[in-house]
Each structure stands twice: as C-alpha cells, then as structure tokens.
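Heads up: the structure comes next, in structure tokens.
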Amino acid sequence: MTEVEEKTRITAVVDKPLKGEGGRGNDCLVVIYTKEPTLLGKRFVLDASPVRIGRGAENQIILEGDSVSRRHAHLEQRGAHWWCVDDGSTNGSYVNDAQVLREHRLENGDRLKVGPTIFKYLAGEDVESLYHEEIYRMTIIDGLTQAHVKRFFLEALEKELLRAKRHARPLSVLMFDIDHFKVVNDTHGHLAGDFVLKDVARTVQSRIRRDEVLARYGGEEFSILLPETGIEGARALAEILRERTEQARFTFQGETIRVTISIGVATLGDGAQTGQEMLQLADNFLYEAKRAGRNRVVG
C-alpha cells in the first residue's frame, strides 16, 4: 500500500502596510499544491505591481523545476483587478485548468498553475479570513486532484465502520490506481501526468454519491469509501468507474492521452473486520488485478 507523507505548512501572516486601490491591496496568492514542501501553504501578498514568477533569481516568486521558465509569468494590477500575463513560457500558465494564451483577469478563488505548482488567488476585504479557511481546506483536500487527503479518508472510514457495526449495515471500500502511470509521465511529461491525475479524479467524482468519499491515497492511488453498500453494489460501481475511465479522452496541450485503472474491492465481513483490514484486502485485490493484466476489477 502506497504511503505518502502529508505536509501542511502554515506560514506566518504577513503584517505590513499594503498598497492598492478599492481596498484590494491585501490580495494574495496561496500555494495549495507543490512539489516543494517548504512552499506549501505559503502566502505571497500582492503589494506591488508587477509580481514576477519564474525560475530566475530576479523574480519575486521563485519556483524550481524544469517545467518552469526563467521568466514564466507575471501578475500586474490594472485598476482594482490583477491580471495574470504569460511571458512566453515554454510550458504555459493555466488559470482554472485553461491555458493563458496571453493574459487573464483573476477573480477571487481562481487557481493559477505554473509548472507543477498551484496557487489560489484570494481577493477582497476579508482576505485574512479566506486565507485561514484555505489553510484549513488544505488539511482535508488535495490541492491537485481536489479529492480528499488520506488522513480525512481514514477518519471517515473509522466513523462509518462504527456506524456499520452498530446498525448492522454494509460498508465497502475501493482501492484503484492508474495503470502504467509512469509511462504517462515518461512519454508526455509530468505536467501531463498531473493533468491526468486531476481529470481521472474528476471523472470518478462525477459518478459517486455525496455520502461517498473519494481520496487521493498516495501518488496515483485513490480510495473510495462506500457507506450502505455491499459487495455487489461496490463491484457494480467499480465496473462503471473502470469503463468510464477507459472510454474517457484526456486531452492536454492538444494531445489525447488514454488511460485505464485497476480496482480492488473489499467489504466489511469475512476476512475484514477493521478499517485497516478492509483497506489491506482491497489493496491486495488491486494488485491481483494488476498482475492479471490491469484494467479490471477484483474483489
């Protein structure tokens, strides 16, 4: 079972006079996803225009990584609004998953992606409150896929396990990951791999109920908690998710990438009486599915 270390870094609140028009001078960017652990949760206050982002030391926001250009993009203030302007970067800048062809006006809550790093733009008079809400959100939601984080999933599993045992109700879990995901990264690049992870999660999320919990368990591995669902219902859902992913077309920078998933299914009962036993059983079935040729459901 894949283990990942979850890190949430809460940085000190910037407390200094802010510039700007219309009370918007406290607008900021918050790092909600990054491959650089020291950046996670960091806030960059937009207190001067322009704010440059890139790999070079001359930028106000310096990001590492081959997919980040030396001078990648910049933010500039025009009246009461901030605009993201791509500076001819090699791999592009993205706002809410759409590529910035030249420039894009930012709205409160927009997500800006530069290389592998995702920022959230916070604006308005109550930015302080929004910032702390975002920091809390980072403890339960994965910034890239928008699925829940592993810790939230494990806590939800324990709660549902107690309820299922108390009321003699069914409970199931699915474990799945993307087949040959390393090939996607090696062939199309890590930015494309991030895109596929995000869109697979979105595809799955669109097919599950509100009381079912999707989580990024680690890397390209995901888990789904299915309250009030027995083994037959869990298998049926797993087949739907497998087929929907196989039929999907994931298009990144004009290139279509097709992927499949393998799924392990486990339910509370014979062979699994605790949450950890359920997850271990589902994980065992997942790897059995992969050994049997991938793109299939076992359990």
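Treat the numbers as computed from the prediction; the structure is a model and nothing was measured.
- Geometric assessment of Arg111 against the ring of Phe119 yields a negative cation-pi assignment under the 6.0 Å and 45° thresholds.
- The closest side-chain heavy-atom distance from Val51 to Phe44 is not below 4.5 Å.
- Between Arg242 and Glu246 there is a salt bridge, since a side-chain N of the basic residue sits under 4.0 Å from a carboxylate O of the acidic one.
- Under the 4.5 Å side-chain heavy-atom criterion for ILVMFWY residues, no single connected hydrophobic cluster contains both Ile62 and Val114.
- What you find for Gly124 and Asp27 is that their closest heavy atoms are N-OD1, 3.3 Å.
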Given side chain to side chain contact (heavy atoms under 4.5 Å, CB included), test Asp283 with Glu221 step by step and report yes or no.
CA-CA 10 Å; Asp283 201 57; Glu221 189 172 28; 2.7 Å; yes

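- Checked by atom type and distance alone, the side chain of Lys113 never pairs as donor or acceptor with a backbone atom of Ala98 at under 3.5 Å.
- A salt bridge is absent between Arg163 and Glu158: the closest approach of a Lys/Arg side-chain nitrogen to an acidic carboxylate oxygen does not fall below 4.0 angstrom.
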Any chance you could lay out the side chain to side chain contact (heavy atoms under 4.5 Å, CB included) test for Leu112 and Ile118, step after step, and finish with the verdict?
CA-CA 6 Å; Leu112 168 63; Ile118 302 176; over 6 Å; no

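- Asp142 and Tyr33 are not linked by any side-chain donor-acceptor pair at a separation below 3.5 angstrom, with hydrogens and angles left out of the test.
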Might you work through the side chain to side chain contact (heavy atoms under 4.5 Å, CB included) test for Val184 and Phe252, ending with a clear yes or no?
CA-CA 12 Å; Val184 174; Phe252 179 73; over 6 Å; no

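- Annotation for Ile141 and His148: closest pair CD1-CD2, 3.7 Å, computed over non-hydrogen atoms.
- No more than 12 heavy atoms of other residues, nucleotides or ligands lie within 6.0 Å of CG in Asp66, so this atom counts as exposed by the packing criterion.
- With 3.5 Å as the limit, one finds a donor-acceptor pair spanning the side chains of Asp87 and His74.
- Between Val213 and Phe152 the shortest side-chain heavy-atom distance falls below 4.5 Å.
- By the side chain to side chain contact (heavy atoms under 4.5 Å, CB included) test, Lys159 is found to be paired with no residue, residues two or more places apart in sequence or in another chain being considered.
- Considering only heavy atoms from C-beta on, Val31 comes within 4.5 Å of Thr34 through its side chain.
- Linking ILVMFWY side-chain heavy atoms closer than 4.5 Å, directly or via other members, places Leu75 and Val85 in two distinct hydrophobic clusters.
- Interatomic distance, Thr145 OG1 to Asp194 CG, rounded to the nearest 0.5 Å: 10.0 Å.
- With sequence neighbours excluded, no residue forms a ring pair (Phe, Tyr, Trp, His ring centres under 6.0 Å) with Phe153.
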Derivation and outcome, side-chain hydrogen bond (donor to acceptor under 3.5 Å, both in side chains), residues Ser262 and Asp179:
CA-CA 7 Å; Ser262 298; Asp179 298 325; 2.7 Å; yes

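- A distance-only check finds a donor-acceptor pair linking the side chain of Asp86 to the backbone of Gly88 [under 3.5 Å].
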Evaluate salt bridge (charged side-chain N to carboxylate O under 4.0 Å, His left out) for Lys150 paired with Glu155, printing each intermediate quantity in order.
CA-CA 9 Å; Lys150 177 180 176 180; Glu155 291 174 354; over 6 Å; no

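- No donor-acceptor distance shorter than 3.5 angstrom exists from the side chain of Glu243 to the backbone of Ile240, with no hydrogens or angles considered.
- Ionic pairing of Asp110 and Lys120 is not present here: no N-O contact between side-chain nitrogen and carboxylate oxygen is shorter than 4.0 angstrom.
- Taken to the nearest 0.5 Å, the CG atom of Leu174 stands 10.5 Å off from the CG atom of Leu286.
- Residue Arg294 qualifies as enclosed at atom CZ: its count of foreign heavy atoms under 6.0 Å is above 12.
- Of the charged side-chain nitrogens involved, none lies within less than 4.0 Å of a carboxylate oxygen, so that Glu288 and Lys290 do not count as a salt-bridged pair.
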Using side chain to side chain contact (heavy atoms under 4.5 Å, CB included), reason through Glu220 and Val196 one step at a time and then give a plain yes or no.
CA-CA 10 Å; Glu220 69 272 21; Val196 168; over 6 Å; no

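- Judged by distance alone, the side chain of Thr203 and the main-chain N or O of Ala201 form no donor-acceptor pair under 3.5 Å.
- Distance check, rounded to the nearest 0.5 Å: CD1 of Ile32 to CZ of Arg137 gives 7.5 Å.
- By the criterion of side-chain heavy atoms lying less than 4.5 angstrom apart, applied directly or through intervening Ile, Leu, Val, Met, Phe, Trp or Tyr residues, Tyr287 is grouped together with Met175 in one hydrophobic cluster.
- Taking both residues in full, the closest heavy atoms of Ser67 and Gly115 are given as OG-CA, 3.6 Å, listed atom of the first, atom of the second, then distance.
- Proximity of a side-chain donor or acceptor of Gln60 to a complementary backbone N or O of Arg52 within less than 3.5 Å is detected.
- Here the CG-CG distance, from Leu46 to Leu29, works out to 5.0 Å after rounding to the nearest 0.5 Å.
- To the nearest 0.5 Å, the span separating CZ on Phe195 from CD on Glu255 amounts to 11.5 Å.
- A heavy-atom distance below 4.5 Å is found between the side chains of Val265 and Val297.
- In terms of modelled atom types and a separation under 3.5 Å, the side chain of Arg235 and the main chain of Ala238 share no donor-acceptor contact.
- Here the two rings, on Phe222 and Tyr217, have centers that are 6.0 Å apart or farther.
- Closest approach of Ala164 to Leu268, counting heavy atoms only: CB-CD2, 4.0 Å.
- Here the side chains of Cys28 and Val127 are in contact, with some heavy-atom distance below 4.5 Å.
- Clustering ILVMFWY residues whenever any of their side-chain heavy atoms sit less than 4.5 angstrom apart, transitively, puts Ile208 in the very cluster that holds Ile178.
- The closest donor-acceptor contact from the side chain of Thr274 to the backbone of Glu277 lies under 3.5 Å.
- Here the side chain of Ser69 pairs no donor or acceptor atom with the backbone of Arg71 at under 3.5 angstrom.
- Counting all heavy atoms, side chain and backbone alike, Lys35 lies closest to Pro116 at CG-CB, 3.8 Å.
- A donor-acceptor pair under 3.5 Å is formed between the side chain of Gln146 and the backbone N or O of Gly143.
- For Ser49 against Glu76, the heavy-atom pair with the smallest separation is OG-CA, 3.3 Å.
- Classification of Glu107 and Arg105 as a salt-bridged pair holds, one side-chain N sitting under 4.0 Å from a carboxylate O.
- In this structure the side chain of Arg151 reaches within 4.5 angstrom of the side chain of Thr139, judged on heavy atoms.
- Proximity of Val173 to Leu226: side-chain heavy atoms (C-beta onward) are nowhere separated by under 4.5 Å.
- Salt-bridge formation is detected for the pair Asp97/Lys198: a Lys NZ or Arg NE/NH1/NH2 atom is positioned less than 4.0 Å from an Asp or Glu carboxylate oxygen.
- Taking the charged nitrogens against the carboxylate oxygens, Glu103 and Arg78 do have a contact shorter than 4.0 Å, which makes a salt bridge.
- Side chains of Glu134 and His132: no donor on one and acceptor on the other come within 3.5 Å.
- If you chain together hydrophobic residues whose side chains sit under 4.5 Å apart, Phe181 and Val204 fall into the same group.
- With hydrogens and angles disregarded, a donor-acceptor distance shorter than 3.5 Å links the side chain of Asn59 to the backbone of Gly56.
- Note that CZ of Arg55 is 10.5 Å distant from CG of Leu63, once rounded to the nearest 0.5 Å.
- At least one side-chain heavy atom of Met278 sits less than 4.5 Å from a side-chain heavy atom of Leu171.
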